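Report on the structure given below.
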Amino acid sequence: MFARSTEWVEERLGLRPVAARVLEHPVPRHITWLHCFGGLTFFSFIVQVVTGVIMTFFYIPSPDHAHDSVAWFQGSVPFGSIVRNLHRWGAYAMVVLVFLHMLRVFVHKAYRKPRELNWVVGTVLLMVVLAFGFTGYLLPWDQKAYWATSVGLNIAGTVPFVGHSAANFLRGGAEVGALTLVRFYALHVFILPLVVAGGLLLHFAMIRKQGIARPL
Amino acid sequence: MARLFRRAPRQMTLPGIAAPRASKPGLRGRGPIERARLRLVTTPVTRRRFLAGTLGWVSAAVAAALGIPAAAAVVWPSFRKTSHGWSPVARLGDPEPGQPDLSVEGTPILTQFTSLVQDAYLKAEPRNTAIFVRNDGGGKFTVYDVRCTHLGCPVNYKDETSRYYSPCHGGVFDDEGRVLAGPPPRPLDRYEYKVEQGVLYVGALYQVNDQLQRIT
């Protein structure tokens with residue numbers, strides 16, 4: 001029955017050659033386990049997406065309820081602590097893996113012509129991952145989150161000329177408060193995911209077009 | 001577009017791939033286990049097939065490890081039960097200010113009880129719930145839920161006819177809560193009650209069937 005329905009779709013769309021081109025793409029002989037860090041970063045990203053979407057079913061980005069909703073999710077919902085801690089440790093793992101990936105590309109000199117643009121996109125993606133970490137850190141709205149964000153935004157404020165305005169924009173005023181929480185939530189849940197999805201598409205399209213760099 | 005999708009796949013030159021056969025003879029009309037067994041013994045297990053299978057099963061395991069907690073966390077709250085405990089309605093014979101006088105027998109009185117409701121991560125809050133209380137004499141009471149059993153519109157009681165009327169779709173109930181007309185599927189729901197030290201308390205909500213026997 002299953003085979004027949006796939007045939008039905010295949011007869012109309014002819015997707016099998018497309019899938020074959022994607023999945024059976026030959027990889028060069030010289031790649032090593034070190035080349036896995038990019039894929040592992042992407043895998044940790046998938047984990048973040050799944051666990052993050054689950055938590056949006058429970059999280060309230062309001063100073064009144066943020067902390068209680070997180071505590072309730074973690075303490076009272078079955079598997080809640082697993083989902084939340086997967087998100088938390090997955091975030092740490094993603095930062096570590098993305099750094100290792102960058103290190104590998106750097107050491108292998110894989111950023112050289114013609115792959116400069118992919119290096120640039122990768123750098124942007126690294127910044128977005130760190131921005132994910134920074135914005136997500138505030139959302140539990142506990143003491144650690146509050147002070148980490150206060151200090152982090154003060155650091156941003158020391159950037160010459162634009163720093164003060166940028167920090168105030170992110171903070172939604174002069175003090176960390178209700179608006180800061182919603183802004184960070186909007187960034188973490190809507191804006192950064194869109195940016196990272198676009199960046200990943202470019203990143204993957206370019207590696208597919210240009211192939212994996214020759215060995216040293 | 002169609003031309004792009006219909007392009008033939010590039011021929012792979014990796015070793016160990018048997019040319020895919022369009023259909024295997026003798027597979028039709030057998031059970032799934034028999035089919036799988038036949039496929040296993042008639043198709044040689046190449047390195048490629050082994051790796052593809054391993055990758056598939058490992059991916060499925062990872063998806064389950066991630067998907068089951070995620071789905072369980074989201075689905076679980078659907079089956080929460082609300083528990084009111086016992087809430088006081090009125091001191092009988094000597095009602096305190098704001099409490100209804102329940103000394104009149106036979107006539108339902110529209111009143112309310114206040115209970116502490118803990119809803120997920122929200123702090124426990126007092127919540128008022130409307131009820132009809134009828135003194136049946138001899139220390140017996142009947143406590144009706146005000147919500148029509150069709151779609152939950154609050155019913156009105158008319159003394160002239162001794163009937164409850166739903167304002168929405170023409171549901172009519174007699175003074176025992178039995179359905180006389182309209183779409184309601186069962187009589188008005190009722191609350192458990194008890195009298196302790198001269199105070200009437202209401203407890204859990206339950207449903208009754210057409211013979212007014214408790215069914216939940």
Side-chain angles (χ1 to χ4, degrees), chain A residues 1-4 7 9-27 29 40 43-44 46-60 62 64-87 90 141, chain B residues 1-17 19-24 27-32 35-36 38-39 46 48-49 51-52 55-56 58-59 61-80 118-125:
Chain A
M1 182 201 78
F2 188 65
R4 216 176 304 158
E7 283 305 323
V9 174
E10 180 62 23
E11 197 183 337
R12 278 149 186 83
L13 295 177
L15 291 174
R16 220 164 255 160
V18 183
R21 279 190 71 185
V22 173
L23 294 173
E24 298 180 5
H25 186 75
V27 289
R29 279 196 174 277
L40 286 172
F43 173 68
S44 63
I46 298 291
V47 173
Q48 296 308 95
V49 170
V50 173
T51 53
V53 166
I54 295 307
M55 287 198 290
T56 62
F57 279 75
F58 297 91
Y59 180 73
I60 308 292
S62 142
D64 284 345
H65 301 313
H67 185 261
D68 288 343
S69 67
V70 172
W72 185 75
F73 178 63
Q74 178 150 10
S76 302
V77 176
F79 297 105
S81 62
I82 292 183
V83 172
R84 178 161 180 241
N85 282 310
L86 272 177
H87 199 75
W141 201 246
Chain B
M1 201 64 190
R3 178 172 295 273
L4 178 79
F5 277 84
R6 243 182 255 129
R7 193 145 39 138
R10 235 180 286 165
Q11 191 55 48
M12 308 295 299
T13 52
L14 292 172
I17 315 171
R21 269 177 280 171
S23 67
K24 286 194 186 305
L27 281 187
R28 210 163 273 285
R30 297 177 199 249
R35 271 206 307 266
L38 267 178
R39 194 168 296 136
T46 57
R48 187 181 182 77
R49 189 154 163 259
L51 286 176
L55 186 68
V58 169
S59 304
V62 171
L66 195 56
I68 290 172
V74 170
V75 168
W76 168 78
S78 330
F79 304 103
R80 283 185 302 158
Q118 165 94 55
D119 186 3
Y121 44 81
L122 297 175
K123 298 259 187 301
E125 277 186 359

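Source: prediction; values computed, not measured. Proteins get letters first, then strands, A, B, ... in listed order; numbering begins at 1 in each.
Each of I60(A), V53(A), D64(A) has some count of heavy-atom pairs under 4.5 Å with chain B, and the biggest count is that of I60(A).
In this structure, CD1 on I82(A) lies 11.0 Å from CG on L66(B), to the nearest 0.5 angstrom. Separating the NZ atom in K123(B) from the NE2 atom in H65(A) is a distance of 9.0 Å, to the nearest 0.5 Å.
Contact annotation for V47(A): both backbone and side-chain heavy atoms come within less than 4.5 Å of a heavy atom of chain B. Using a 4.5 Å cut-off between heavy atoms, L23(A) does not touch chain B at all. The contact between S69(A) and chain B is made by backbone and side chain atoms together, counting heavy-atom distances below 4.5 Å.
The shortest heavy-atom contact between F58(A) and A73(B) is CZ-O, 3.1 Å. Closest heavy-atom contact between F79(A) and A72(B): CD1-CB, 3.4 Å. For A70(B) against V50(A), the heavy-atom pair with the smallest separation is CB-CG1, 4.3 Å.
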Q: Verify side-chain contact (heavy atoms from CB on, under 4.5 Å) between F43(A) and V62(B), making sure each step is shown before the conclusion.
A: CA-CA 11 Å; F43(A) 173 68; V62(B) 171; 3.6 Å; yes

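A perpendicular orientation is assigned to the rings of Y121(B) and W72(A), their planes being inclined by more than 60° (bins at 30° and 60°).
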